[in-house]
Amino acid sequence: MSVQITRTDWFDEHVTAFRDQMDAEIQPRYAGVRDQVPRVEVDTDTILVTLIATSGGEPVGTVALKRTGDFGEVKRLFVHERGRRLGVAVALMTAIEQAASEEGFRELFLQTGSEQPQAMALYEREGWIPVTPFGPYAGDTILSRCYVKNLVSPIVAAEVRQDGSVDGVLSTITALDEAGADLALIDDGTLDGGRGSSLDAPLVAAAAVTEAPRIAVAPRVRVTHTEPFNVAKAIQSLDWSSAGRAGWLVGVSETAAEASAVGRRPAPESETAWAEAAAVIDTSRRLWDSWEDDAEIRDESTGRFIDAGRVHYLDVETEWFSVKGPSIVPRSPQGQIPVIVEAALDDSSLEIAAAEAEIVRVAGPRAGETARRVRELAGARPVRVLVDLDPESVNAAPHARSDDEQLAAWAAFVRAESDADGVVLTGSAAANARAARAIAGARGSARTLRERIGLERPASRYAAPEGTTR
């Protein structure tokens, strides 16, 4: 007999009757522990979707979706005895997962009880994994058994620290690539050598993409004491050598030691350093667009290499630098290479991240607040947020089944709590590779970093609108 799922209201008489029946069946099981755990009341204002299942014209089950703080939560799944063994529970769960996706949730959580083994078995069969108690259930290891399911595959990045060894960095990135990580963030040493020896991050990234065929790479490049034209050219060249797997982790330099090592200018204040960084990013984007996609002709018969009308000259003047002329590199595979900024809530980086970056990295106890502020400032402009995660510090669920599963569950918990699209793994090289394997979803067909983070390739700002002639 077929099952139909339709939307209804939390106060629908059939739904209310089902909840009463559920309480009558379940509550007696917890008579001995109920007084040990605070009762969690359902705030009906947070109910987003209520579904009812019918079979043969008769109501046979219900489930709801609610917003529980930072979490999307499945609530009150119940199947009447006349609907059992008809696949009603699975149909309801499939439908509520779809509804949660439509509401914008990336992960979905639920809570059941320690004395409901049939419910736990159902969720585990359907791909739900045990997670530490969340929201109003936090700290309850007596009654609550919580689960999470990813509705979209998370973006998995990892921090790659340098030790001055080419082989060490390359082996770290290769291991991450094999583990399914999406992005390697390659750190750079300080300009004064204060953090020990390191290699030029863009050059390391260029070497890495020949060894690791899938993972995207983003070298950290500090813009305060470097020439914007050279920075733009280096990142654009990396995009070519990686076939569209380049990103750019933008950094600034605010220390007197680095300023002294370079010897060109005093160290700027944070606000000035980030204002300059915004100007460098904007100029780099203009350089990346200065060649239109079809500017190269390569016509041997006429001896023409480029169509000069499709190469555009810049004349940028700022208080820190000036740039003239087009890029010396043709427009690269991604057109615009994703810019990554590490943002802090009470720092000048925040507004620059919201205005300029495709990817924003957040960290610390205020990561969620930072992420939400970035999204608020960015408005309709698409931005992807990644939150730092130490894979060697995981909170396990009371009913955990495996270490790898706990890594995936904890990553989902941290993402949801921080309103993030993915994580940046910050542990040791070995721990990061293991965590990437546990957290990353199925490998898709996306080749470029822009595709991997769900952003379209933009046309050059200088190209004639589609459908017009020059």
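Position 1 is the first residue of the sequence, and the numbers go up from there.
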Step-by-step side-chain hydrogen bond (donor to acceptor under 3.5 Å, both in side chains) determination, T174 to E211: CA-CA 7 Å; T174 300; E211 302 288 328; 5.2 Å; no
Residues V74, W128; criterion side chain to side chain contact (heavy atoms under 4.5 Å, CB included); working and verdict: CA-CA 12 Å; V74 175; W128 293 73; 3.9 Å; yes
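- Formation of a donor-acceptor pair under 3.5 Å by the T46 side chain with backbone atoms of V42 is not found in this model.
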Can V90 and L122 be said to form a side chain to side chain contact (heavy atoms under 4.5 Å, CB included), step by step? CA-CA 8 Å; V90 172; L122 167 68; 4.1 Å; yes
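- Contact detail for E392 and G427: the closest heavy-atom pair is OE1-CA, 3.5 Å.
- Using cut-offs of 30° and 60° for the angle between ring planes, the W248 and W288 rings count as perpendicular.
- To the nearest 0.5 Å, atoms CD (E73) and CD1 (I47) are separated by 8.5 Å.
- Taking CG of L185 as the reference point, atom CD of E342 lies at 7.5 Å (rounded to 0.5 Å).
- Minimum heavy-atom separation, L449 to L183: CD2-CD1, 4.3 Å.
- In this structure, the side chains of P398 and P133 come closer than 4.5 Å at one or more pairs of heavy atoms.
- To the nearest 0.5 Å, atom CZ of residue R375 and atom CG of residue L377 are 12.5 Å apart.
- Looking at Q334, its side chain does come within 3.5 Å of a backbone N or O of G244 through a donor-acceptor pair.
- More than 12 heavy atoms of other residues, nucleotides or ligands lie within 6.0 Å of CD in E254, so this atom counts as buried by the packing criterion.
- Put simply, the side chain of T283 never gets that close to the backbone of V280: no donor and acceptor are under 3.5 Å apart.
- A donor-acceptor pair under 3.5 Å is formed between the side chain of Q406 and the backbone N or O of P130.
- Side-chain contact between E358 and I337 is absent, with no heavy atoms from C-beta onward closer than 4.5 Å.
- Atom OG1 of residue T8 and atom CD of residue E13 lie 9.5 Å apart, to the nearest 0.5 angstrom.
- One side chain, S349 or D347, offers a donor N or O that lies under 3.5 Å from an acceptor on the other.
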Mind running salt bridge (Lys or Arg N to Asp or Glu O under 4.0 Å) on R450 and D239 for me, showing each step along the way? CA-CA 11 Å; R450 290 190 73 90; D239 201 44; over 6 Å; no
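- Remark: the backbone N or O of Y123 is not paired with any side-chain donor or acceptor of K149 at under 3.5 angstrom.
- Side-chain contact between M93 and L110 is present, with heavy atoms from C-beta onward closer than 4.5 Å.
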Go through the steps for K75 and V63 under the test side chain to side chain contact (heavy atoms under 4.5 Å, CB included), then give the verdict. CA-CA 6 Å; K75 201 69 182 170; V63 71; over 6 Å; no
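- R76 forms no cation-pi arrangement with W10, by the criterion of a distance under 6.0 Å to the ring centre and an angle within 45° of the ring axis.
- Atom CD of Q4 has more than 12 heavy atoms from other residues, nucleotides or ligands within 6.0 Å.
- Closest non-hydrogen pair, A91 versus V3, comes out as CB-CG1, 4.4 Å.
- By the 4.5 Å heavy-atom criterion applied to side chains, H399 and S114 are not counted as neighbours.
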Derivation of the side-chain hydrogen bond (donor to acceptor under 3.5 Å, both in side chains) call for E25 and Q21: CA-CA 6 Å; E25 283 188 20; Q21 292 173 49; over 6 Å; no
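- Proximity of D403 to R434: side-chain heavy atoms (C-beta onward) are separated by under 4.5 Å at one or more points.
- No option in V223, T224, L350, V252 other than V252 meets the side chain to side chain contact (heavy atoms under 4.5 Å, CB included) test with W274.
- V414 and D388 get closest at one heavy-atom pair: CG1-O, 4.3 Å.
- Looking at M120 and Q116, their side chains never come closer than 4.5 Å, going by heavy atoms from C-beta outward.
- Comment: E376 engages R373 in a salt bridge, judged by a side-chain N to carboxylate O separation of less than 4.0 angstrom.
- For the pair S171 (side chain) and G168 (backbone), a donor-acceptor distance under 3.5 Å is present.
- Using a 3.5 Å distance cut-off with no hydrogens or angles, the side chains of Q236 and S332 do not pair a donor with an acceptor.
- A salt bridge links R220 and D187; the closest N-O separation between the charged side-chain nitrogens and carboxylate oxygens is under 4.0 Å.
- Counting only heavy atoms from C-beta outward, the side chains of V204 and P219 never approach each other to under 4.5 Å.
- Between F18 and F78, the ring planes are tilted. Angles from 30° to 60° get that label.
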Verdict with reasoning, Y30 to Q36, per side-chain hydrogen bond (donor to acceptor under 3.5 Å, both in side chains): CA-CA 10 Å; Y30 299 97; Q36 301 178 47; over 6 Å; no
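- Within 6.0 Å of CZ on R285 lie more than 12 heavy atoms contributed by other residues, nucleotides or ligands.
- Residue E103 places its CD atom among more than 12 non-hydrogen atoms of other residues, nucleotides or ligands, all under 6.0 Å distant.
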side-chain hydrogen bond (donor to acceptor under 3.5 Å, both in side chains) assessment of D404 paired with S402: CA-CA 6 Å; D404 283 355; S402 72; over 6 Å; no
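- Using cut-offs of 30° and 60° for the angle between ring planes, the F109 and F413 rings count as perpendicular.
- The line from CZ of R245 to CG of D177 is 7.0 Å long, rounded to the nearest 0.5 Å.
- Side-chain N or O atoms of R84 include one that pairs as donor or acceptor with a backbone N or O of V79 at under 3.5 Å.
- Summarising the geometry of S418 relative to V387, their closest heavy-atom pair is OG-CG2, 3.7 Å, with the distance given to 0.1 Å.
- Residue E356 comes nearest to I281 through the heavy atom pair OE1-CG2, 3.7 Å, listed as atom of the first residue, atom of the second, then distance.
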Would V15 and T50 count as a side chain to side chain contact (heavy atoms under 4.5 Å, CB included) here? Give the steps. CA-CA 9 Å; V15 172; T50 303; 4.1 Å; yes
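- Pairs engaging residues 104-119 under the salt bridge (Lys or Arg N to Asp or Glu O under 4.0 Å) rule: R106-D419, R106-D421, E107-R415 [sequence neighbours left out].
- Between L151 and S101, the closest side-chain pair of non-hydrogen atoms falls below 4.5 Å.
- Judged purely by atom type and a 3.5 angstrom limit, D182 uses its side chain to pair as donor or acceptor with the backbone of V156.
- The CZ atom of R214 sits 11.0 Å away from the CG atom of L176 when rounded to the nearest 0.5 Å.
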